[in-house]
S.K.: 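Have a look at this one.
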Amino acid sequence: MPELFHRKLERSAIGFVLAIIAAASVGGIVEIAPLFTIDETVEEAPDMRVYTPLELAGRNIYVREGCYACHSQMIRTLRDEVERYGPYSLAVESQFDRPMLWGSKRTGPDLARVGGKYSDFWHVAHLINPRDVVPESNMPAYAFLARTELRTSDLGQHLAAQQALGVPYTDEMIANAPRDAYGQAFPDSEAASGVTERYGEATSVSAFDGVATRLTEMDALVAYLQVLGRLTDAAFRDTAATEQAPDAED
Amino acid sequence: MIRQLTSSERQFAAAILLLAAGVGLAMAATGRHDPLGVHGVIVLLFSGTLLYPVLTGFYEPEPKEDREASYYDDPIKVGIVLTMAWAVFGMFMGVWVAAQLAWPDLAFDAAWSTFGRLRPTHTSGVIFGFGGNALIATSFHVVQRTSRARLAGQFSPWFVLFGFNLFCVLAVSGYLLGVTQSKEYAEAEWYADIWLVIVWVTYFVLFLRTIARRREPHIYVANWYFMAFIVVVAILHIVNNLAVPVSWGHAKSYTIWPGVQDAMVQWWYGHNAVAFFLTAGFLGMLYYYLPVRAQRPIFSYRLSILSFWGITFFYMWAGSHHLHYTALPHWVQTLGMTFSVMLLVPSWASAGNALLTLNGAWHRVRDDATLRFMMAAAVFYGLSTFEGSFMAIRPVNALSHYTDWTVGHVHAGALGWVALITFGSLYTLVPTLWNRERMYSARLVEVHFWLAIAGTLIYVFAMWNSGIIQGLMWRTYTEDGALAYSFVDSLVAMYPYYIARAFGGFLFLIGAVVCCYNIWMTVRSVPLAKRRERDVPAAVAVPGE
């Protein structure tokens, strides 16, 4: 007699709350816990590097400005997406991303592989006023980024917090974080060589905003946009893909 | 407000407010080089503002009458005012961001007014500000009446109400300053999240203790939903917001969940914020105010049980349908889709139960716009839950995901279900609570109803069109097998719909302003009702059973 049982349950506030907790917990536990234990969930990518301090600062600006509200960073396993944006995204590509920025809406295009697709100069012009470059665009203008000095003094703390969570930043990277942020945007400075030493030869060192006199938020954001999709080659190699793209008739 | 508190309760209130002011001061000091410092000042000002009435009323005579002989309605009244203030704010921000998509220069070249920063002020403003305050206010009302007992606390209802609003203020002001975790519908940073946990636990204890002192053998169905809302939102909020702050002087934190796991946790949270904040809580409202207004008992007790446990169990599996075709493992996507489809059963059981309750009262639905608000809410609830299950099917989602269709779906639920059931409940509650004969103007309720319906339909149809066109343009190929449209082509096709959507939202906002005016005039100028049957604890009929 299920109804009789429920009549009893309705008489106990504590019992009812416990029943709610029990019923509501199952789904989350079954779907979330195995993501940490099943090894295939995240692919292997030994070549993958971490974000440089400048790129991380740029990523934090991307978060701060809410760019994820209009731009996804997740190419789905569908033919048209792969042809429009590039190889579909792998889990390993966001393994260091806290938070992930996969997004849920494309008012603008996907950015998962935008790195290297446009020049630094294009990005700066586009961010200052998108309609100068793409007349039909409805993206807000971010001219203030070029006017705003980047705060670098606390970048070591940012890296340390990431290290505490398991991102493989070395103590040397943490100690040199402000210097490396500066060096990456000033190719002619002495600090520049330390960046490629610590983060690899492939790291792009450039006067991102085109102004070699000061380090701005524009430098950081462009540095971040230019590294999107380029931290590892995993997606371009023949990896153990979780799923084949459905055929075009789908 | 202060008159209802005893002298020791006043001391306690003052102590809590001083403590909060102290925390604000500490935040302002440690975060002086960071947006955290601004939030410290806001906490300080918020506590100081509340401290003023506490201190000025400190030596007023203590309440003499037996407080247990009456319901505690003052916090509900303030809650209703806050609900409507947040409604106008949140909906205004919505119209503004919608207009920015059509006319991007409406950001005026400032940082705080760009789309990315304003959008969460709209979502948090309406979900937490409008929806949250409405839930707190109505849950305080419903639990007292259906338990025939006064709230189990004198100070804690105020703490919950103002504490929650402090959270909302911190969240919304933070987005304007650029303080955000970027987790959708959980954007507020770590200190605001910790504060919300404290407030929420107080809310939970208060609610449970009130139920425990009920003078009814059974817990009424509306309270099941309110309990599920409070308990599960606490679980979701805590798990999703686990994070490590950069330092005690930084507003910024990094979530403990990386990449793909973060995506799963985020959408487990995100979808169940819809389930337990925007569905369960508002079903609690529906299960009380609809039968009261229709003067009919709930159609079926068994359907209530079926839908309650179905929703509580199934919903928690459904979040992964936000991640179809992504890097989330396939098996999780499949589970999410399966449970999303099954969810249709308990959802339609609720909607059907509500509509069948109106059998025998359809003439009232015709004549009474308040009841029609609730009827329309149940219809929209049924439609948008069907749409949700449909969109969770993988091949459908391949088309709909990332497009405006999702936005339209959310608003069919948020405008058509959440807002309409709230307005219907408020029009029922306001005259009762202030002991007035009726609302100031039945005609204005009627005007509001049609503005809301027209606004919702224009909005939803615009987004269906734009979303489906967008999705189809992205996947259209030419005969030689090349993509037919560039991304910008699809954006250009959106502009007419973005303008239509902003107009629909504007109509809905006007409706909310009309509602504010009507409530204001009801309290100001409608004569007091003749003493109805005494509305006091342990003397009220329970609707439904």
S.K.: Select one option (side chain, backbone, both, neither) describing which atoms of Ala19(A) are under 4.5 Å from chain B's heavy atoms.
M.R.: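 For Ala19(A), the contact with chain B is made by backbone and side chain together.
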S.K.: Quick check against the 3.5 Å criterion: does Tyr175(B) have a side-chain atom that pairs as donor or acceptor with the backbone of Gly66(A)?
M.R.: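 No, the answer is negative, given that no donor and acceptor are paired below the 3.5 Å cut-off.
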S.K.: Determine yes or no for a side-chain-to-main-chain donor-acceptor pair under 3.5 angstrom, with Asp262(B) supplying the side chain and Met100(A) the backbone.
M.R.: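 Yes, Asp262(B) side chain to Met100(A) backbone: donor-acceptor pair under 3.5 Å.
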S.K.: If a pair satisfies ring pair (Phe, Tyr, Trp, His ring centres under 6.0 Å) and one of its residues is in residues 55-85 of chain A, list it, with sequence neighbours excluded.
M.R.: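 Found Tyr62(A)-Tyr224(A).
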S.K.: Both conditions, 6.0 Å and 45 degrees, for the charged tip of Arg79(A) above the ring of Tyr477(B): are they met here?
M.R.: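 Yes, Arg79(A) and Tyr477(B) form such a contact.
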S.K.: Please state whether the side chain, the backbone, both or neither of Cys70(A) comes within less than 4.5 Å of a heavy atom of chain B.
M.R.: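 Only the side chain of Cys70(A) comes within 4.5 Å of chain B.
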S.K.: Is chain A contacted by the side chain of Phe108(B), its backbone, both, or neither, given a heavy-atom distance below 4.5 Å?
M.R.: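 The answer is neither part of Phe108(B).
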S.K.: For the atom pair CG (Leu208(B)) and CD1 (Ile14(A)), what is the distance rounded to the nearest 0.5 Å?
M.R.: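 Separation between the atoms: 4.5 Å.
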S.K.: Please classify the contact between Ser490(B) and chain A as side chain, backbone, both or neither, with a heavy-atom cut-off of under 4.5 Å.
M.R.: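 Neither part.
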S.K.: Is it the backbone or the side chain of Val239(B) that comes under 4.5 Å from a heavy atom of chain A, or both, or neither?
M.R.: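 It is neither, since no heavy atom gets under 4.5 Å.
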S.K.: Counting only heavy atoms closer than 4.5 Å, note whether Val30(A) contacts chain B via side chain, backbone, both or neither.
M.R.: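 Both parts, heavy atoms under 4.5 Å.
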S.K.: Against chain B, label Val26(A) side chain, backbone, both or neither, depending on which of its atoms sit under 4.5 Å from a heavy atom there.
M.R.: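 Backbone plus side chain of Val26(A), per the 4.5 Å heavy-atom cut-off to chain B.
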S.K.: Under a 4.5 Å cutoff for heavy-atom pairs, which residue among Gln266(B), Met264(B), Gln261(B) has the most contacts with chain A?
M.R.: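 Highest number of pairs under 4.5 Å: Gln261(B).
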S.K.: As an exercise, state the distance from CH2 of Trp267(B) to CD of Glu31(A), rounded to the nearest 0.5 Å.
M.R.: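 If I round to the nearest 0.5 Å, the distance is 14.5 Å.
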S.K.: Side chain, backbone, both or neither: which part of Val63(A) has a heavy atom under 4.5 Å from chain B?
M.R.: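 Both backbone and side chain.
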S.K.: Any idea how His6(A) and Trp309(B) line up, ring-wise: parallel (<30°), tilted (30 to 60°), or perpendicular (>60°)?
M.R.: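 His6(A) and Trp309(B): perpendicular rings.
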S.K.: Which answer fits Leu101(A), side chain, backbone, both or neither, if we ask what part of it has an atom under 4.5 Å from a heavy atom of chain B?
M.R.: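 For Leu101(A), side-chain heavy atoms alone lie under 4.5 Å from chain B.
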S.K.: If only side-chain N and O atoms count, and only distance matters, is there a donor-acceptor pair under 3.5 Å linking Glu81(A) with Tyr325(B)?
M.R.: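 The criterion, which ignores hydrogens and geometry beyond distance, is not satisfied for Glu81(A) and Tyr325(B).
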S.K.: Given a strict heavy-atom distance threshold of 4.5 Å, which part of Arg117(B) is in contact with chain A: side chain, backbone, both, or neither?
M.R.: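 Backbone plus side chain of Arg117(B), per the 4.5 Å heavy-atom cut-off to chain A.
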S.K.: Taking side chain as everything from C-beta outward and backbone as N, CA, C, O, which of these in Ala243(B) sits under 4.5 Å from a heavy atom of chain A? Side chain, backbone, both or neither.
M.R.: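 For Ala243(B), there is no contact with chain A at all, as no heavy atom is under 4.5 Å.
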S.K.: Between Trp102(A) and Tyr402(B), is the ring centroid distance below 6.0 Å?
M.R.: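 Ring centres of Tyr402(B) and Trp102(A) not closer than 6.0 Å.
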S.K.: Pick one of side chain, backbone, both or neither for Leu118(B), based on which atoms fall under 4.5 Å of a heavy atom in chain A.
M.R.: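 Contact with chain A involves no heavy atom of Leu118(B) at all.
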S.K.: Given heavy-atom pairs under 4.5 angstrom as the criterion, report whether the side chain, backbone, both or neither of Ser104(A) touches chain B.
M.R.: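 Looking at Ser104(A), backbone and side chain both touch chain B.
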S.K.: Any idea how Phe16(A) and Trp224(B) line up, ring-wise: parallel (<30°), tilted (30 to 60°), or perpendicular (>60°)?
M.R.: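 If you compare the ring of Phe16(A) with that of Trp224(B), the planes turn out tilted.
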S.K.: Does any backbone or side-chain atom of Thr107(A) lie under 4.5 Å from a heavy atom of chain B? Answer side chain, backbone, both or neither.
M.R.: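 For Thr107(A), heavy atoms of backbone and side chain both lie under 4.5 Å from chain B.
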S.K.: Taking side chain as everything from C-beta outward and backbone as N, CA, C, O, which of these in Leu145(A) sits under 4.5 Å from a heavy atom of chain B? Side chain, backbone, both or neither.
M.R.: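 Neither part.
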S.K.: Quick one: OG1 on Thr180(B) to CZ on Arg64(A), what's the gap to the nearest 0.5 Å?
M.R.: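 It is 11.5 Å, given to the nearest 0.5 Å.
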S.K.: Quick check for you: to the nearest 0.5 Å, what is the distance between Asp109(B) atom CG and Ile128(A) atom CD1?
M.R.: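 Interatomic distance, Asp109(B) CG to Ile128(A) CD1, rounded to 0.5 Å: 10.5 Å.
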S.K.: At a heavy-atom separation under 4.5 Å, does Glu83(A) approach chain B through its side chain, its backbone, both, or neither?
M.R.: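 Glu83(A) touches chain B through backbone and side-chain heavy atoms alike.
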S.K.: Quick check against the 3.5 Å criterion: does Asn138(A) have a side-chain atom that pairs as donor or acceptor with the backbone of Pro104(B)?
M.R.: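 The answer is no, because no donor-acceptor pair under 3.5 Å joins these two groups.
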S.K.: Measuring from atom NE2 of His33(B) to atom CZ of Arg151(A), what distance do you get when rounded to the nearest 0.5 angstrom?
M.R.: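 If we round to the nearest 0.5 Å, His33(B):NE2 and Arg151(A):CZ are 8.0 Å apart.
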S.K.: By a 4.5 Å heavy-atom criterion (distance strictly below it), what part of Asp404(B) contacts chain A: side chain, backbone, both, or neither?
M.R.: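 For Asp404(B), backbone and side chain are both near chain A.
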S.K.: Side chain, backbone, both or neither: which part of Leu165(A) has a heavy atom under 4.5 Å from chain B?
M.R.: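 Only the side chain of Leu165(A) comes within 4.5 Å of chain B.
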